[in-house]
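Below: one structure, written as structure tokens.
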2 protein chains.
Amino acid sequence: MSDHEQQPLPPTSRLSGDALPPVEQHAQQYETVRNAHETELIEDYVELIGDLLRHRGEARAADIASRMAVSQATVSKMIRRLNELGLVTSRPYRSLFLTEEGHKMAETSRARHDIVLHFLRALGVRDTTARIDAEGMEHHVSDETLAIMQRFTEKHQP
Amino acid sequence: MSDHEQQPLPPTSRLSGDALPPVEQHAQQYETVRNAHETELIEDYVELIGDLLRHRGEARAADIASRMAVSQATVSKMIRRLNELGLVTSRPYRSLFLTEEGHKMAETSRARHDIVLHFLRALGVRDTTARIDAEGMEHHVSDETLAIMQRFTEKHQP
DNA sequence: CAAATAGTTTAGCCTTGGCTAACAATTATT
DNA sequence: AATAATTGTTAGCCAAGGCTAAACTATTTG
């Protein structure tokens with residue numbers, strides 16, 4: 001027998017930290033994180049490809065490899081996946097391009113990324129740190145929080 | 001040839017979003033995220049075990065499984081890893097306990113988690129959302145940002 | 001106390017996302 | 001044009017973190 005939510009918490013439980021959330025809610029937190037992890041890498045690739053296309057006019061596998069600090073083989077394998085998912089089109093030794101759907105994903109991802117990054121800067125975080133944190137955080141920020149971050153940034157940085 | 005940082009950006013690059021960071025910095029962002037992912041799950045387990053011990057007095061594999069929404073087999077395997085890492089002690093069919101080191105990790109993790117959670121609430125995020133976002137974000141927030149979040153929370157919520 | 005229920009472990013499978021090494025194709029240089 | 005350098009692909013390896021099914025242990029209950 002375990003995890004009887006109905007029994008009152010022992011007195012020690014208020015010494016520090018919040019109470020444990022009910023099991024279902026707690027479980028949902030972890031599930032949300034696991035789901036985010038599944039899409040995270042895909043979104044990172046697509047977002048980076050979008051950025052490269054926008055800033056450089058082309059997105060080569062080699063650029064992705066060096067910017068992600070990952071081997072070319074890894075990138076090659078990943079591109080095959082992105083292809084199968086219908087997010088990019090690729091011809092060997094040519095620049096990658098995003099499909100309609102890939103483009104949409106890149107835009108959404110970049111928008112989210114920008115909001116988090118600008119929010120952190122508005123909060124007072126140094127640029128380099130803000131960039132690192134934003135990269136990690138962006139996939140875990142809900143729309144609700146995102147909206148609040150955006151409002152905050154607008155108010156605190158004219 | 002690709003990724004010549006020295007050539008001036010084409011005019012289109014200022015249409016939206018920030019400029020691309022230099023390759024080394026960009027690479028470091030992704031590396032930091034990858035490293036975070038490696039420790040993330042470990043920390044989540046250890047933190048949860050700490051919470052269960054604190055709030056319930058014991059931490060059983062079954063509780064962890066239901067709170068993480070994961071099979072008992074997965075938990076069992078993970079506990080073996082935590083054991084090898086010297087973070088928990090376990091005897092079959094008995095509650096888990098944290099080692100000295102595990103306890104330290106749990107505390108650090110919980111502290112970070114709390115700061116992020118309270119910060120989000122102070123920002124105006126609803127409790128349920130804040131909990132979900134905090135769970136995902138906590139492993140990607142640098143000490144610098146954490147400190148800023150804490151100051152913010154103190155100021156905005158006495 | 002025997003049987004049922006709950007908790008735990010083990011074995012074996014799968015997918016992801018890394019890697020290196022070897023090879024192929026393209027592009028650049030001499 | 002030949003060679004060198006860069007870029008890309010493929011094959012095959014590994015660890016992590018899920019899963020189910022089956023077996024075993026402990027606890028609760030009839």
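In this structure, the CD1 atom of B:Ile64 is 10 Å from the P atom of C:dT9, given to the nearest Å. For A:Arg91 and C:dT26, the CZ to P distance is 11 Å, given to the nearest whole Å. With rounding to whole Å, A:Asn83 atom CG is found 11 Å from D:dT10 atom P. Summarising the geometry, the separation between CD on A:Gln72 and P on D:dA5 is reported as 16 Å, rounded to the nearest angstrom. In this structure, A:Ile79 atom CD1 and C:dT16 atom C1' are separated by 17 Å, rounded to whole Å. If you take CZ of A:Arg80 and P of C:dT16, they are 12 Å apart, rounded to a whole angstrom. Counting to the nearest Å, the P atom of D:dT25 and the CZ atom of B:Arg60 are 16 Å from each other. Rounded to an integer number of Å, the gap from CZ of B:Arg94 to C1' of C:dA6 is 14 Å.
Considering only side-chain N and O atoms, A:Ser76 lies nowhere under 4.0 angstrom from the phosphate OP1 or OP2 of D:dG8.
Residue contacts for B:Ala73: at a heavy-atom cut-off of 4.0 Å it reaches a base atom on one of the strands shown.
More than 12 non-hydrogen atoms from other residues, nucleotides or ligands lie less than 6.0 angstrom from NE2 of B:His37.
By the ring-ring contact (aromatic ring centres under 6.0 Å, His included) test, A:His26 is found to be paired with A:Tyr30, residues two or more places apart in sequence or in another chain being considered.
Using a 4.5 Å cut-off on side-chain heavy atoms (C-beta onward), B:Asp44 and B:Glu47 make contact. No side-chain heavy atom of A:Tyr45 sits under 4.5 Å from any side-chain heavy atom of A:Ile79. Using a 4.5 Å heavy-atom threshold, the side chains of B:Leu52 and A:Leu20 count as touching.
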Close N/O contacts between protein and nucleotides 15-17 of chain D (under 3.5 Å):
from   : atom 1 : to      : atom 2 : distance (Å)
D:dG17 : OP2    : B:Arg81 : NH1    : 2.2

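Aromatic pair B:His113/B:His139: ring centres not closer than 6.0 Å.
Distance from the side chain of A:Tyr93 is smallest for C:dT26 among the nucleotides D:dT20, C:dT26, C:dT20.
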